[in-house]
Visitor: 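Quick one: the structure is below, questions incoming.
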Amino acid sequence: MTSDYKPGEIEPKWQKKWEEDGLYQADVDESKKKFYALTMLPYPSGDFHIGHWYVTAPSDARARFKRMQGYNVMFPMGFDAFGLPAENAAIKRKTHPQKWTYGNIGRMRSQLRSMGTMIDWRREAVSADPDYYRWTQWFFIQLYNNDLAYRKQSPVDWCPQCNTTLAREQVHGDDRHCERCGTQVIKKDLEQWFFKITNYADELLDFSQIDWPDRVKTLQTNWIGRSEGADVFFTTEDGEDLTVFTTRPDTLWGATFMVLAPEHPLVENITTPEQKQAVAAYQKEADNKTEIQRSTVEKEKSGVFTGSYAINPVNKARIPIWIADYVMMGYGYGAIMAVPAHDERDFDFARQFGLEIIPVIQPDGEQFDGETMPEAYVGPGSMINSDQFNGTKVTEQKGRKNPGLGTVIDWLEKEGTGQEAISYKLRDWLISRQRYWGAPIPMIHCDTCGWNTVPETDLPVLLPEEVEWLPTGESPLKLHPTWKDTTCPSCGEKAIRETDTMDTFMCSSWYHLRYLSPNFDQGPFDQKEYDYWMPVDIYTGGIEHATMHLIYTRFFHKALRDMGITEANEPMTQLRNQGMVLGEDGEKMSKSRGNVISPDDLVAAYGADTVRAYLMFFARWELGGPWNSQGITGTERWLNRTWALFTQPTKKGTASKELIRDLKREVHNALDRITRDYEQFEFNTIISTLMELMNVLYEAQRNGAAGSKAWTEILEIYTLMMAPAAPHISEELWTNVLGKPYSIHNQSWPEVDREMMKKDEVTLIVQVNGKLRDRIVVPVDINKEEAEKIALASEGAALYLEGKEVKKVIVVPGRLVNIVV
RNA sequence: GGGGCGGUGGCGGAAUUGGCAGACGCAGGGGACUUAAAAUCCCCCGGUUCACACCAUGUGGGUUCAAGUCCCACCCGCCCCA
C-alpha cells in the first residue's frame with residue numbers, strides 16, 4: 001500500500017470516531033489510579049490563538065502519555081466567560097455580551113476539536129451559565145456566613161466626566177486618563193465587598209505540600225510580603241494615638257520625624273491652620289498618582305509638613321509629622337517613623353527637607369556622623385545613641401531572632417509602649433465590580449435589617465437580559481428600572497439588591513471543582529467525584545497568573561476546607577508554566593503589530609499533528625520564544641517520512657543479528673528518554689528523539705532491516721511513542737497500516753527493556769591534560785587498570801606523552817581516561 | 001520600583017547535571033533524479049588554517065585532572081506584577 005500522507009482526511013475522520021466512541025470519557029473507577037490533568041481555562045475573547053495551543057497541545061500530549069501509563073485520566077475544558085472585554089465588545093458592537101461571549105465559545109470549541117485533544121466534553125463548564133454562577137453565588141454566601149466576606153470603604157478609579165468607576169485597564173497613560181473621554185481619573189471611595197484572604201497569609205506562605213515552580217513560590221511569597229517587627233505606640237503632642245509598624249524597632253532612637261500617608265484620617269485633625277493649604281494641595285496631587293509612581297525609590301521625594309509634632313515613646317523626643325506619598329495607606333498603619341540614618345527613602349527625604357539624621361547603628365571601626373553620611377546604613381552593627389541599649393549587637397536577621405530587635409521588643413512590651421507584630425503586604429481581596437457582565441453578588445440591603453444574603457432557594461440571582469447599553473460605562477444593573485427592587489428576606493419590606501457583580505477571579509477560583517460534575521444541582525460538586533478526582537494532579541498555564549488567580553484559588557480552597565466543604569489543603573499538587581509564543585519579529589503577538597499567527601491557517605496547511613508536534617519541538621516549553629514559520633517544515637517532513645517509512649513497499653531484507661540488536665537498543669534508549677522527558681515536561685527533546693530514531697530506522701531499512709518480525713515490533717513501539725504527540729497519524733498507522741486493534745490510544749505505554757539498552761562496547765575518550773587525544777572502542781565492562789593501560793598505549797596520546805612524566809591518571813569507567821603530565 | 005528568567009553556530013535549540021560542546025531541526029552550500037521546477041534522496045555546514053593544530057558556550061577572575069555546567073564580580077537582553 002502506498003499513498004501520500006493526507007492529514008486533512010485522516011484527522012477529521014479519527015476525531016469524529018473518537019468522540020462517537022467516547023474514547024476519552026473519564027468516569028470514576030475505583031479500580032484504576034486517577035490522574036486529573038488541568039489546563040487553565042481560556043477567556044473567550046475571540047478565536048483560539050497560538051498561545052492557547054501552546055499550553056493545550058503539550059498538556060494534552062502529556063495527559064495522553066499518562067493515560068497510556070495506565071492512569072484513569074480526566075482532561076476537562078471550560079470557559080472563563082464573564083468579564084469586562086465582553087462588556088466593551090457589547091458597547092462597541094451594539095450587541096449583548098452574552099451573545100458575543102457564547103459566539104466565541106462556539107468557535108473555540110470547534111478549534112479545540114480540530115486539535116485532536118482528549119477533552120471529555122461532558123465535563124465542560126462555562127462560568128457565565130446560570131447553573132454555574134448559581135454556585136459561585138452560593139460560595140459567596142458561605143464565605144459571608146463564615147465571616148470571610150465583609151464590606152468596607154475602598155477607593156476606586158472614577159471618571160468625573162463619564163460619572164462612572166473604571167477598571168484598571170480602562171485607565172491609560174502616566175497622567176491616568178479615562179480611556180473613553182480622556183479626562184483625568186480621580187479616586188473615589190465606595191462601599192465594596194472584600195474576602196479575608198489575609199486570614200490565610202501565613203498558611204499561603206507554606207508550599208511544603210505542593211510541587212510548584214520556585215518562580216511562582218517566590219512571586220507569591222513576595223506578594224504576601226510578610227515582615228516581622230513591632231508596633232510602636234507614638235502619640236501626638238495633643239495626645240492623639242499614632243501607632244506605627246516598624247521592622248526596625250532597634251532604630252527607634254534614630255527616629256527624627258514621622259510620615260503619614262496623605263490620605264491618613266488623622267491628617268485633617270493635626271494639620272495646623274498655617275499648613276492647611278499646602279497639605280490640601282499635596283493630598284490632591286497624591287490622589288492622581290498610582291502606587292507604582294509613589295513607591296519608586298529613586299525619584300525625588302516630595303512631602304509637606306503638617307505643623308504638628310509627635311512624641312517618641314522611647315526618649316520623649318519631639319519630632320515633626322509630615323505627609324508624603326511614599327507612605328501608603330494600605331500598608332501597615334499608613335504611618336511610619338522615619339529613621340533617615342538607616343533607611344534609604346527616609347534618608348533621601350531628610351536630606352531633601354533638611355531634617356535631622358541621627359545614626360543609631362554603627363559597625364565596628366566606623367564613625368558615623370549624621371551631618372556627613374553619604375547614604376543610609378542598613379547593615380549590622382552595634383546600637384549607639386540609644387540610652388541603656390548602647391552596645392547591643394544588631395545582626396541582619398529579621399524579627400525577634402535578631403538579638404537587637406528581641407531586646408528592644410521585650411522592653412517595649414514591658415513598658416507598654418509597643419508590642420511584637422507581623423505585617424503583610426497582602427491585602428484583602430476586593431471582589432466588587434461595578435459592572436454588568438459578572439455573577440451578581442447575592443446580597444440584599446434593607447433599611448431596617450441591613451445586609452442579608454439571598455435565600456439559597458432563590459439562587460441563582462439571574463442577570464437581567466433586557467438591559468440598556470449606554471456608552472457611559474455605568475453598570476446597566478444600576479440603570480435597570482426594576483431589577484434591583486426586591487423584598488427583604490428578613491422582614492419582607494421593600495429592599496434593594498446589591499448591583500455590584502463579582503470579580504471574575506472568583507469564578508475561576510473553583511472551576512476545577514465544577515468540572516467534577518458540571519450538571520450536578522444538589523451542590524457545587526458531587527462528593528463522589530470529588531473524593532475520587534481531587535486534588536488536581538497537574539495544572540498547566542501561564543506564569544502571569546502567579547500572584548492573582550493562583551493565590552486566589554489556593555485561598556479559596558483553604559477557606560472551603562475550613563467551612564467543611566472540601567478536605568484537601570491545596571487544590572493543585574503540581575504546577576508547571578509554559579512560556580510565551582512571540583511573533584516572528586520577537587515581539588509580543590498583537591493585532592496592532594500584525595504579527596499574529598493563526599493556528600487555524602496552520603492546521604489547514606499542515607494538519608493538526610504537525611502543528612502539535614512543532615509546538616512541542618520549536619522551543620523549550622517553559623521559556624517559549626519567537627515563532628518561525630519556516631521551521632514547521634521540519635516537523636512536516638518528519639511526519640511525511642514516518643508515513644513513507646510505514647507505507648512504502650520494501651523488500652524483505654537480510655539484516656545481520658547485530659543490526660537488529662543495535663536497532664532494538666536505539667528504540668529502547670529512545671523510549672527511556674521519551675518517558676523521562678514526558679515526566680519532566682521536556683517536550684522539545686521528545687520530538688527530536690523521535691526524529692533521530694526515524695533517521696536510524698531509515699538507515700537500517702537501507703541496510704536490509706525491513707520485513708523481519710523484529711522490524712514490525714520496532715515499528716509498533718515507534719508508533720506508540722509518537723501517539724501522545726501526534727494522535728491522528730499514529731492511530732492511522734496503528735490501525736490501518738500495521739493492522740493492530742483500534743485504538744492505539746487504549747494501548748499501554750511500552751516497557752523500557754534495560755537489558756536491551758546495554759551496550760557491548762563503548763568509545764573510550766583519551767585525554768592528555770584534559771585535551772582530547774584519542775578515541776578507542778573498548779568492551780563496556782573494561783576495568784580501571786585495563787582502561788589506563790590501553791589509554792597510555794594509545795597512538796593519539798603517545799605523541800603527547802613522549803619525554804613527559806605521567807603525574808596522575810584519572811579513569812572514569814566506561815567514559816574517559818585523563819592523563820596528567 | 002520590585003521580582004523573576006535567560007545569554008551556546010546565521011537561527012530555534014541539545015549536552016543523561018562536572019567528563020567528546022553544538023544532538024535534532026530551520027536556513028545555506030554541493031550532488032543524484034528530472035526537459036525543467038517542486039517534492040524526494042545522499043553529502044557538507046562554529047571560527048582561523050592547504051593542513052597539523054589552535055581558538056570558541058556574554059565579559060573578567062577563581063575552584064578542579066577536567067567547567068556551558070560550580071563560586072565571585074560585572075555587562076547585556078527579555079518577561080511578570082503592582
Side-chain angles (χ1 to χ4, degrees), chain A residues 4 168 213-223 225 290-299 326 328 330-331 344-345 425-427 542-548 550-551 577 579-582 584 586-588 613-614 616-638 640-641 644 648 669-670 672-673 676-677 680 682-696 698-699 702 757 762-776 796 799-800 806-821:
Chain A
D4 289 338
R168 236 194 346 258
D214 288 343
R215 290 160 81 182
V216 174
K217 292 193 276 191
T218 309
L219 282 165
Q220 293 204 349
T221 303
N222 293 335
W223 181 262
T290 62
E291 285 200 5
I292 324 145
Q293 291 167 339
R294 286 175 55 169
S295 59
T296 303
V297 168
E298 280 156 21
K299 74 167 178 82
Y326 76 95
M328 242 72 65
Y331 183 67
E344 208 184 321
R345 289 181 301 181
K425 265 193 234 154
L426 182 72
R427 300 172 204 181
I543 186 80
E544 67 272 18
H545 293 110
T547 49
M548 310 284 276
L550 287 172
I551 254 186
N577 306 111
M580 206 192 306
V581 184
L582 303 172
E584 294 206 65
E587 301 287 324
K588 205 166 165 173
Y614 185 57
M616 289 170 73
F617 178 69
F618 92 101
R620 269 166 69 181
W621 188 66
E622 75 273 25
L623 294 177
W627 183 259
N628 175 355
S629 35
Q630 266 180 333
I632 196 168
T633 56
T635 39
E636 187 192 24
R637 281 177 197 149
W638 166 56
N640 275 324
R641 275 161 67 79
Q648 272 167 9
N669 267 320
D672 186 46
R673 263 197 84 170
R676 195 187 62 227
D677 288 348
Q680 298 176 356
E682 284 165 15
F683 299 113
N684 55 343
T685 45
I686 290 170
I687 304 300
S688 69
T689 303
L690 286 168
M691 287 173 167
E692 230 173 319
L693 188 57
M694 169 82 349
N695 294 339
V696 169
Y698 261 87
E699 203 186 332
R702 278 199 300 278
M757 285 169 62
V762 288
T763 306
L764 190 72
I765 303 304
V766 180
Q767 295 180 333
V768 178
N769 285 347
K771 291 231 152 73
L772 174 70
R773 294 305 178 199
D774 211 342
R775 293 162 212 238
I776 307 164
L799 247 126
Y800 296 89
V806 176
K807 277 195 198 147
K808 198 170 170 189
V809 180
I810 284 139
V811 182
V812 183
R815 273 248 170 83
L816 63 74
V817 178
N818 190 10
I819 304 160
V820 187
V821 295

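Below, chain A is the first sequence line, B the second, and so on; all start at residue 1. Values in this document were obtained by computation on a predicted structure and should not be read as measured data.
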Visitor: Counting Watson-Crick and G-U wobble pairs only, both distances under 3.5 Å, name the nucleotide matched with B:A32, or none.
Guide: B:U40

Visitor: Quick check on RNA chain B: between A:Asp214 and A:Ile632, whose nearest nucleotide comes earlier from the 5' end?
Guide: A:Asp214

Visitor: Out of B:C81, B:G4, B:G12, which nucleotide sits closest to the side chain of A:Trp223?
Guide: B:C81

Visitor: Can you tell me the Watson-Crick or wobble partner of B:C54, both distances under 3.5 angstrom?
Guide: B:G47

Visitor: May I ask you to check whether A:Phe618 and A:Trp627 place their ring centres under 6.0 Å from each other?
Guide: yes

Visitor: Base, sugar-phosphate, or nothing: which does A:Val820 touch, judged by heavy atoms less than 4.0 Å apart?
Guide: sugar-phosphate

Visitor: Looking for any heavy atom pair under 4.0 Å, which part of the strands does A:Arg637 touch: base, sugar-phosphate only, or nothing?
Guide: sugar-phosphate

Visitor: Just checking A:Phe617: base, sugar-phosphate only, or nothing, at a heavy-atom cut-off of under 4.0 Å?
Guide: base

Visitor: Checking contacts here: which listed nucleotide (B:G19, B:G25, B:C26) is nearest the side-chain heavy atoms of A:Asn695?
Guide: B:G25

Visitor: From the set B:C42, B:A14, B:G12, return the single nucleotide nearest to any side-chain atom of A:Arg702.
Guide: B:C42

Visitor: Nearest to the side chain of A:Met691, which nucleotide is it out of B:A82, B:C26, B:C24?
Guide: B:C24

Visitor: Check this one for me: any side-chain N or O of A:Arg427 less than 4.0 Å away from OP1 or OP2 of B:A82?
Guide: no

Visitor: Can you check whether A:Arg620 has a side-chain N or O nearer than 4.0 Å to OP1 or OP2 of B:A14?
Guide: yes

Visitor: Using the P atom as the point on both nucleotides, what is the distance between B:A66 and B:C55, in whole Å?
Guide: 14 Å

Visitor: Suppose you measure atom P in B:A73 against the same atom in B:A21; what distance do you get, rounded to whole Å?
Guide: 29 Å

Visitor: Using the P atoms only, state how far B:C80 lies from B:G25, rounded to an integer number of Å.
Guide: 33 Å

Visitor: Under 4.0 Å between any heavy atoms, over every strand shown, what does A:Leu772 touch: base, sugar-phosphate, or nothing? Just pick one.
Guide: nothing

Visitor: Just to be sure I understand the rule, does A:Trp638 reach a base, reach only the sugar-phosphate, or reach nothing, if contact means heavy atoms closer than 4.0 Å?
Guide: nothing

Visitor: Base, sugar-phosphate or nothing for A:Leu816? Non-hydrogen atoms, less than 4.0 Å.
Guide: base

Visitor: Give me the distance, rounded to whole Å, that separates B:C81 from B:G29 when you measure between the C1' atoms they each carry.
Guide: 48 Å

Visitor: Could you give the distance separating B:C52 and B:A37 at their C1' atoms, to the nearest angstrom?
Guide: 45 Å

Visitor: Could you tell me which nucleotide pairs with B:A66 by Watson-Crick or G-U wobble geometry, both distances under 3.5 Å, or answer none if nothing does?
Guide: none

Visitor: Considering non-hydrogen atoms only, spot the tightest contact between A:Pro213 and A:Asn577 and give its length.
Guide: CG-OD1, 3.5 Å

Visitor: Within the structure shown, what part of the strands sits under 4.0 Å from A:Gly624 by heavy-atom distance: base, sugar-phosphate, or nothing?
Guide: sugar-phosphate

Visitor: Side-chain contact test, heavy atoms from C-beta onward, threshold under 4.5 Å: evaluate it for A:Phe683 versus A:Arg620 and give yes or no.
Guide: no

Visitor: Hey, is the side chain of A:Arg641 poking within less than 4.0 Å of OP1 or OP2 on B:C41, counting only N and O atoms?
Guide: yes

Visitor: Pick base, sugar-phosphate or nothing for A:Ile687, based on heavy-atom distances below 4.0 Å to the nucleic acid.
Guide: nothing

Visitor: Between A:Val812 and A:Lys425, who's closer to the 5' end of RNA chain B by nearest nucleotide?
Guide: A:Lys425

Visitor: Say we look at B:A36 and B:A51: how far apart would their C1' atoms be, to the nearest angstrom?
Guide: 41 Å

Visitor: When rounded to the nearest Å, what value does the distance between C1' atoms of B:C74 and B:C26 take?
Guide: 35 Å

Visitor: By the rule that syn is within 90° of 0, classify the base conformation of B:G9 as syn or anti.
Guide: syn

Visitor: For a quick check of understanding: with a heavy-atom distance under 4.0 Å over all strands, which category does A:Thr635 fall into, base, sugar-phosphate or nothing?
Guide: nothing

Visitor: Looking at A:Arg215, I'd like to know whether one of its side-chain N or O atoms comes within less than 4.0 Å of OP1 or OP2 on B:C79.
Guide: no

Visitor: What form does the base of B:U69 take, syn (within 90° of 0) or anti?
Guide: anti

Visitor: Which part of the nucleic acid, if any, lies within contact of A:Glu622, taking any heavy atom under 4.0 Å across all strands shown: a base, the sugar-phosphate backbone alone, or nothing?
Guide: nothing

Visitor: Just name whichever nucleotide pairs with B:C24, Watson-Crick or G-U, keeping both distances under 3.5 Å, else none.
Guide: B:G12

Visitor: Need the pair for B:C5. Rule: Watson-Crick or G-U wobble, both distances under 3.5 Å, any strand; none if unpaired.
Guide: B:G77

Visitor: Mind checking whether A:Ile687 and A:Trp638 have side chains closer than 4.5 Å, heavy atoms only?
Guide: yes

Visitor: What nucleotide, of B:G3, B:G19, B:G12, holds the atom closest to the side chain of A:Ala619?
Guide: B:G12

Visitor: Once you apply a heavy-atom cut-off of 4.0 Å, does A:Asp672 come out as touching a base, just sugar-phosphate, or nothing?
Guide: nothing

Visitor: Take atom CD in A:Glu584; do more than 12 heavy atoms of anything else shown fall under 6.0 Å from it?
Guide: yes

Visitor: Tell me whether B:C52 sits syn or anti, counting syn as a glycosidic angle within 90° of 0.
Guide: syn

Visitor: I want to check one thing: is the phosphate of B:C5, taken as OP1 and OP2, less than 4.0 Å away from some side-chain N or O of A:Asn577?
Guide: no

Visitor: According to a strict under-4.0 Å criterion, is A:Asn222 in side-chain N/O contact with OP1 or OP2 of B:C81?
Guide: no

Visitor: Heavy-atom distance under 4.5 Å between the side chains of A:Ile819 and A:Gln767, does that happen here?
Guide: no

